[in-house]
Amino acid sequence: MALLTSTANSTPAQEFLERDGMAAEKYQPLAPWTQLHRSLRTRIVGWIRRFRCSAGCMKNQIVSAFPILDWLLNYKIRSCLMGDVISGCTVGILNIPQGMAYGVLSGVEPINGLYASFFPVLIYSCLCTSQHASVGTFAVTSLMTGGIVHTVGAEMIAHRNHTETPVDNGTATFDKMPLDIRLQVTIAVTLAVGLWQVLMGVFRLGYLAVFLSDHLVKGFTCAAAFHVFTSQVKLVFGIQGLEERYGPLKLVYFYIDFFSKISQTHVPTLIVSLICITILYLTRVLVNQNPRVMKIIRVPFPIELLVIIFGTLASYELDLESEWGVKTVQNVPTGLPAPVLPHYSIIPEILGRTFSLAIVASAVLISLAKIFATKHNYKIDANQELIAIGASNIFGSFFLCIPATGALARSAVQESVGGSTQMVSLVSAVIVLIVLVALGRFLQPLPKACLGAIIMVALINMLKGALEVRNLWKVSLIDASIFMVTLLATLLLDVDYGLAIGVLYSLLVFAFRMQYGRVAVLGRVRGTLDEIKPLEDPMVDEVSGIKIFRLHGPLYSGNAESFVAKIRKAMISNVRVVSSYLSPVPELEATEMDETMTSGQQPSSGNNQTEITVVTRRQDQATDAVINIVQNNSLLTKAGPRQAKPLRAIIIDCSAINFIDVVGTEKLLRLVNECNKKGIRVVFAACSDSVRDILYLSGVAAALPEENFMSSVSDAIDEL
């Protein structure tokens, strides 16, 4: 019975201290160095246990490094094989035209794009944890690769010719650059990208790749798609002498040159392009994006492959290159290339330039893998994905490949057709291998305009991403601004500059949001005892004599001064209220309203009419009155007979504070000392363990009694 009586009579503060083990002795948090020592020791012990010599541990490590051993040994032939084979054939067919087109976009030959659809796929399927990501060529990374190849290749030619200025001041086309230099730079870029990705995976930096927000990536890819679209204009119109520009405002300069030379359009090339674009677009809209048709055929119609086949046949039969001057692919070697060592002397020159390319390729792949992992309820390892794609690019660099990454279109097709494992990638690699070994030489008459048309039509959905700003604008103006800044910077400047500006602007917005975090003044919901909400709600009343503040976000050097200043302002305003009249106006009780109305002025007759308006608001059962008397268009204010209660306590709700730095603790300590001198009690409610440790270690808790730390705001109000 004594125990029950003691428990019943205990205060909320005593219950909080007893629950946290601080009733018997004062709470003493661990020092930061002690916490670091324990954390490192725990990690090292766990790492040693993971790598201890045992059969089970060794098996887990091997399976973790080579996930193919897991899914291949547990492969369900009956339920998965048929769907994977059909999906693999479909993806392999898509890889052929896209690989050839993006090979040209990267500044090399179409065959290099086909190599990237074969060699990296073999390595990635063995090392990846994603079951649905389709790896190969991608428009944005191919465009960025082409920019690096052009810049570094021009510098190499200038160095070879013993000149200081690159050829044609950065406006030379790839046709004027020797193929051997372009290949040297391309495989060096692929190797450097792979090295960056493997390093990020080894050092567990997978989270950096997904640090780019979705709206930033959407704005960047949409603008980059317009750059890719622009790069194909020359192939589609067949205009000779149209220079390829690089650097800021390159799109502006390009379209000025384009419209000035549009009269030089090669009509046969334009006719071929328009025929291909019309066929591709109509099939895309009427067949592949038509739900009714897709329910019947289930597999996307391979119109790109048919365009390549019939374009090659038409070019061969009509002799488009010789008779009509239509440029063709020409060089498509048959067979697999022999391994080639990259020129390591180029690596230091391009290492910094390829970092942004590695980040974009990694972010695209990891985001893509997470989308399908969430949809199909399985987990992926972002760091293992980085190692997988990095090793794929390193391996591909020895076989003349352009950088590879995930592609949303092919991955969506792979998943929609029925693919459920990476067996799809192996089947698609077999399809590409057949083309490389046996059918490559038959593609030599293919017009380049067909490849340009395929790229243009494939970019339509990415270009429609600009309409995403309408949805972002309705949800968040700040997120919409990130989208627009990244989009415009990438369009007006260049791909690399746009990405850098978008990331920098996102960091500035993040810092702005942290510095100007929302501070809510709380009160108690009318008619309840423990429900606390911001005072903006009309059903919330301010607790008499108590100010409650909640900071949404961290308390650090960027916002500590403004947060404490808001509390000081509330303290000063409360003193002024006591000395004058109360604002906001509390609600009147019925008896007080009758007394005020009796003692107030009576309405008169005639033209001098008096309108009496009673404005009311409740403040925790306290009542005050203000009677606004409007007479002859003049406003008078009269205070009621009640005196407001002085401020006796400040409650800081720490439930939304995730950390406090040294500057924040210094500001809080000054505030606590000021309040102690004025006799105002400062209470910290709902502190997390880390926040409470910082308050104790910094000396803030030493300036307060133990009972000033409460488990919740409602307990603090009851205690006060």
Side-chain angles (χ1 to χ4, degrees), residues 138-141 143-144 209-233 248-252 254-255 277 280-282 284-292 294 359-360 363-372 374-375 406-413 415-416 455-514 516-518 552:
F138 184 56
V140 177
T141 55
L143 176 69
M144 297 177 71
V210 296
F211 186 75
L212 305 178
S213 59
D214 290 341
H215 34 279
L216 186 148
V217 173
K218 289 178 180 178
F220 172 75
T221 54
C222 178
F226 193 76
H227 281 275
V228 177
F229 185 91
T230 302
S231 66
Q232 303 305 303
V233 170
L249 299 179
K250 72 173 189 178
L251 290 181
V252 178
F254 175 84
Y255 280 105
I277 291 174
L280 289 167
Y281 182 75
L282 292 179
R284 182 189 186 94
V285 174
L286 300 178
V287 179
N288 290 341
Q289 293 183 351
N290 191 331
R292 296 181 179 179
M294 290 305 297
I359 292 294
V360 171
V364 169
L365 176 64
I366 294 177
S367 301
L368 187 64
K370 285 191 173 184
I371 290 174
F372 290 105
T374 303
K375 183 177 181 179
L408 179 59
R410 290 195 305 270
S411 300
V413 170
E415 187 261 348
S416 63
I455 292 178
M456 282 187 169
V457 176
L459 293 174
I460 292 178
N461 285 340
M462 295 180 66
L463 293 174
K464 288 181 179 179
L467 302 177
E468 182 69 18
V469 69
R470 295 185 301 181
N471 299 328
L472 293 174
W473 203 264
K474 298 177 182 178
V475 178
S476 173
L477 295 179
I478 295 179
D479 292 341
S481 69
I482 294 175
F483 178 89
M484 290 303 301
V485 167
T486 307
L487 177 71
L488 294 177
T490 307
L491 282 176
L492 297 178
L493 301 178
D494 204 350
V495 178
D496 295 336
Y497 296 108
L499 179 63
I501 292 175
V503 172
L504 180 61
Y505 182 74
S506 297
L507 293 177
L508 291 176
V509 168
F510 177 73
F512 177 83
R513 283 178 165 177
M514 291 183 65
Y516 297 94
R518 179 173 176 267
H552 295 268

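For this chain, numbers begin at 1 and follow the sequence in order.
Within a 6.0 Å sphere centred on OH of Tyr505, heavy atoms belonging to other residues, nucleotides or ligands number more than 12.
The two residues His215 and Asp479 come nearest to each other via the heavy atoms NE2-OD1, 3.4 Å. Between Cys222 and Gly465, the shortest heavy-atom contact is SG-C, 4.0 Å. When all heavy atoms of Thr490 and Gly498 are compared, the pair lying nearest together is OG1-CA, 3.3 Å. Closest heavy-atom contact between Val228 and Ala139: CG2-O, 3.7 Å.
Taking the side chain to side chain donor-acceptor pair (under 3.5 Å) definition, one finds that His227 meets it with nothing, sequence neighbours left out. Among residues two or more places apart in sequence or in another chain, the side chain to side chain donor-acceptor pair (under 3.5 Å) test is passed with Thr230 by Tyr255. Every residue two or more places apart in sequence or in another chain was checked for a side chain to side chain donor-acceptor pair (under 3.5 Å) with Tyr497, and none qualifies.
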Between Gln289 and Asn461, does a side-chain contact (heavy atoms from CB on, under 4.5 Å) hold up when you go through it step by step?
CA-CA 11 Å; Gln289 293 183 351; Asn461 285 340; 3.7 Å; yes
Run Phe220 and Val140 through side-chain contact (heavy atoms from CB on, under 4.5 Å) and show every step you take.
CA-CA 9 Å; Phe220 172 75; Val140 177; 3.7 Å; yes
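Atom NZ of Lys218 is separated from atom OG of Ser213 by 10.0 Å, given to the nearest 0.5 angstrom. Of the inter-residue distances, the one linking Lys250 atom NZ with Leu491 atom CG reads 10.5 Å to the nearest 0.5 angstrom. Annotation: the span from Lys370 atom NZ to Ser367 atom OG amounts to 7.5 Å, rounded to 0.5 Å. Rounding to the nearest 0.5 Å gives a distance of 11.0 Å between CG of Leu487 and CG of Leu216. Distance check, rounded to the nearest 0.5 Å: CZ of Phe226 to CG of Leu459 gives 11.0 Å. How far NZ of Lys375 is from CD1 of Ile371: 10.0 Å, rounded to the nearest 0.5 Å.
With respect to Leu499, the side chain to side chain contact (heavy atoms under 4.5 Å, CB included) criterion is satisfied by exactly one of Val495, Asp496, Val503: Val503.
At distances below 3.5 Å, not a single donor-acceptor pair connects side-chain atoms of Thr486 with backbone N or O atoms of Phe483.
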